[in-house]
Colleague: 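Quick one: the structure is below, and I'll ask about it shortly.
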Amino acid sequence: MLGPLILAASRSDKMRRFVSAAPGTKQVVARFIAGETVDQVVPIIRDLADKGLELTLDVVGEDITTVEQSYAARDAYLELIARLKELELGERAEMSVKLSMFGQSLEGGHELALANVRPVVEAAAAIGTTVTLDAEDHTTLDSMFAIHEELRKDFPQTGCVIQAYLYRTEDDARRLAAAGSRVRIVKGAYKEPAEVAIQDKAEIDKAYVRILKILMDGEGYPMIGSHDPRLISIGQELARRAGRKLDEYEFQMLYGIRGEEHLRLAAEGHRMRVYTAYGTDWYGYFMRRLAEKPANLLFFARSILTKG
């Protein structure tokens with residue numbers, strides 16, 4: 001029951017101020033956020049790549065309120081791509097973007113987000129990598145999928161994310177699998193009403209498996225976003241049944257969570273991509289990580305109580 005409460009807190013300015021000021025926050029945030037600047041995250045990118053892992057990089061900060069902030073978000077990704085080019089790591093690291101950060105929720109937001117994300121996708125393609133459009137709450141998805149479809153006309157490798165807990169997702173998966181696109185499947189990390197989303201965890205897991213099977217049996221490239229050992233094992237079995245080679249799908253897990261499993265899967269020959277977030281506006285991302293797993297919240301609480 002804590003998860004929905006934490007997700008509600010992720011939208012609270014009062015809670016943002018409290019969490020940001022708490023003595024133990026910095027220690028816990030560092031577990032999930034690789035740094036605040038490109039310079040801070042570069043050594044981590046190198047280290048993960050040297051270990052045989054791939055990355056998807058997320059500049060956190062979706063809660064913007066002005067057009068100028070959307071331009072700043074675009075420029076932050078362009079700066080990241082320029083650094084990846086210098087490091088010759090374009091083939092090891094892709095980008096994940098939240099269209100809300102590119103202005104999707106502002107007036108004229110659909111066109112603004114498309115205009116902002118296109119140069120990022122173009123720059124990524126120029127260094128041999130790509131961009132995945134992250135899924136956010138259900139009200140944004142029609143816009144996200146429309147932008148995804150538009151971008152794929154010129155950059156067919158552009159990926160997108162689908163969320164197993166939404167009732168609409170099986171239909172979305174069938175459409176996307178047939179289109180041959182790159183699709184990351186996750187359980188879902190936003191507080192959604194019962195009218196649009198499954199609420200029971202066991203039923204969400206069942207939906208995840210059904211949707212993953214659709215992706216594995218389709219023509220696209222499935223990206224399995226999960227830390228759940230059972231779902232990882234099921235994903236391997238579904239890939240085997242579908243006759244997929246190890247380079248025809250991949251696993252994705254968050255930076256700071258189950259690092260040994262990252263290495264184990266890579267050592268077995270799987271493509272293993274680490275979702276690595278960085279930036280100064282970390283609060284919303286951090287709170288969703290706490291909501292996903294009670295142990296993360298306990299770790300945070302202990303850190304606060306033992307500091308200062």
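All values below were derived from every heavy atom in this structure, side-chain atoms included, with hydrogens, water molecules and symmetry-related copies excluded.
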Colleague: Would you check if the side chain of R182 reaches a backbone N or O of Y221 as a donor-acceptor pair within less than 3.5 Å?
Modeller: no
Colleague: Do V121 and D154 have side-chain heavy atoms sitting under 4.5 Å apart?
Modeller: no
Colleague: Determine, using the 4.5 Å side-chain heavy-atom cutoff (strictly less than), whether V161 and V131 are members of one ILVMFWY cluster.
Modeller: no
Colleague: Test of understanding: clusters of I, L, V, M, F, W, Y form through side-chain heavy atoms closer than 4.5 Å, transitively. Do V186 and V209 belong to the same one?
Modeller: no
Colleague: So which atom in A177 and which in I214 form the shortest heavy-atom distance, rounded to 0.1 Å?
Modeller: CB-O, 3.9 Å
Colleague: I need the minimum non-hydrogen distance between L265 and M253, along with the two atoms involved.
Modeller: CD1-CE, 3.6 Å
Colleague: Just by distance, with hydrogens left out, do E195 and Y167 show a side-chain donor and acceptor under 3.5 Å apart?
Modeller: no
Colleague: Verify the distance criterion only: is there a donor paired with an acceptor across the side chains of Q236 and H270 at less than 3.5 Å?
Modeller: yes
Colleague: Just do the salt bridge (Lys or Arg N to Asp or Glu O under 4.0 Å) check on K213 and D217 with the steps written out, would you?
Modeller: CA-CA 6 Å; K213 186 177 188 303; D217 290 342; 2.8 Å; yes
Colleague: How many angstroms lie between atom SG of C160 and atom CZ of R152, to the nearest 0.5 angstrom?
Modeller: 8.0 Å
Colleague: Yes or no on side-chain contact (heavy atoms from CB on, under 4.5 Å) for R118 and E150, after CA distance, side-chain angles and deciding distance?
Modeller: CA-CA 10 Å; R118 183 178 288 278; E150 182 64 28; 3.7 Å; yes
Colleague: For T132 and Q252, run side-chain contact (heavy atoms from CB on, under 4.5 Å): C-alpha distance rounded to whole Å, both residues' side-chain angles, the deciding distance at 0.1 Å, then the answer.
Modeller: CA-CA 12 Å; T132 294; Q252 295 193 7; 5.7 Å; no
Colleague: In this structure, would Y165 and M144 fall into the same cluster of hydrophobic residues linked by side-chain contacts under 4.5 Å?
Modeller: yes
Colleague: Which atom names give the shortest non-hydrogen contact between V97 and F102, and what distance separates them?
Modeller: CB-CE1, 3.7 Å
Colleague: Could you give the distance from CZ (R46) to NZ (K51), rounded to the nearest 0.5 Å?
Modeller: 15.0 Å
Colleague: Taking the side chain as every heavy atom from C-beta outward, state whether T140 and S100 have any pair of such atoms under 4.5 Å apart.
Modeller: no
Colleague: Decide yes or no for F251 and I232: does some side-chain heavy atom of the first lie under 4.5 Å from some side-chain heavy atom of the second?
Modeller: yes
Colleague: Under 6.0 Å from the CD atom of E268, do we count more than 12 heavy atoms belonging to anything else shown?
Modeller: yes
Colleague: Could you grab the distance from atom CE of M223 to atom CZ of R273, nearest 0.5 Å is fine?
Modeller: 7.5 Å
Colleague: Closest heavy-atom contact between H110 and S143?
Modeller: ND1-OG, 2.7 Å
Colleague: Checking side-chain polar atoms at under 3.5 Å, does R184 have a donor or acceptor matched by the opposite partner on Y275?
Modeller: no
Colleague: Side chains of V59 and Y278, heavy atoms from C-beta outward: is any pair under 4.5 Å?
Modeller: yes
Colleague: If two hydrophobic side chains count as joined below 4.5 Å and joins carry through other members, does I127 share a cluster with V117?
Modeller: yes
Colleague: What pairs of donor and acceptor atoms, side-chain ones from residues 86-93 against any protein atom, are under 3.5 angstrom apart with sequence neighbours left out?
Modeller:
residue, atom, partner, partner atom, Å
E86, OE1, R83, NE, 3.3
R92, NH2, G52, O, 3.3
R92, NH2, L53, O, 2.8

Colleague: How long is the span from the CD1 atom in I45 to the CG atom in L80, to the nearest 0.5 Å?
Modeller: 6.0 Å
Colleague: Compare every heavy atom of L215 with every heavy atom of R244, then report the nearest pair and how far apart it is.
Modeller: NH2-O, 3.2 Å
Colleague: Give me the atom names and distance for the closest heavy-atom approach of N116 to Y71.
Modeller: OD1-CD2, 3.4 Å
Colleague: Under 3.5 Å, is there a donor-acceptor pair linking the side chains of D228 and S226?
Modeller: no
Colleague: Would you say the side chains of T56 and E94 form a donor-acceptor pair under 3.5 Å?
Modeller: yes
Colleague: Looking only at the side chains, is there a donor atom on one of Y77 and D58 sitting less than 3.5 Å from an acceptor on the other?
Modeller: yes
Colleague: Quick one: pull up OH in Y208 and CZ in R230 and give me the separation to the nearest 0.5 Å.
Modeller: 11.5 Å
Colleague: Count the heavy atoms belonging to other residues, nucleotides or ligands that lie under 6.0 Å from CD of E122, then report whether that count exceeds 12.
Modeller: yes
Colleague: Quick check: does any side chain N or O of Q199 sit under 3.5 Å from a backbone N or O of E192, one acting as donor and the other as acceptor?
Modeller: yes
Colleague: Given R271 and L246, is the side-chain contact (heavy atoms from CB on, under 4.5 Å) satisfied, shown in steps?
Modeller: CA-CA 7 Å; R271 296 191 69 181; L246 291 179; over 6 Å; no
Colleague: To the nearest 0.5 angstrom, please state how far the OG1 atom of T169 sits from the CZ atom of R174.
Modeller: 11.0 Å
Colleague: Looking at K206 and D200, is there a salt bridge between them, counting it only when a charged N and a carboxylate O are closer than 4.0 Å?
Modeller: no
Colleague: I want to check something: taking the side chain as every heavy atom from C-beta on, are P229 and E261 in contact at a cut-off of under 4.5 Å?
Modeller: no
Colleague: Could you walk me through whether I224 and L212 pass the side-chain contact (heavy atoms from CB on, under 4.5 Å) check?
Modeller: CA-CA 8 Å; I224 306 167; L212 182 55; 3.9 Å; yes
Colleague: Verify salt bridge (Lys or Arg N to Asp or Glu O under 4.0 Å) between K187 and D205, making sure each step is shown before the conclusion.
Modeller: CA-CA 8 Å; K187 290 184 181 181; D205 285 354; 3.0 Å; yes
Colleague: Please, which pairs that meet salt bridge (Lys or Arg N to Asp or Glu O under 4.0 Å) have at least one residue in residues 70-82, sequence neighbours excluded?
Modeller: none
Colleague: Are L133 and L55 linked, directly or through other ILVMFWY residues, by side chains that come within less than 4.5 angstrom of each other?
Modeller: yes
Colleague: Can a cation-pi geometry be assigned to R175 and F145, taking NZ or CZ under 6.0 Å from the six-membered ring centre and within 45° of the ring axis?
Modeller: yes
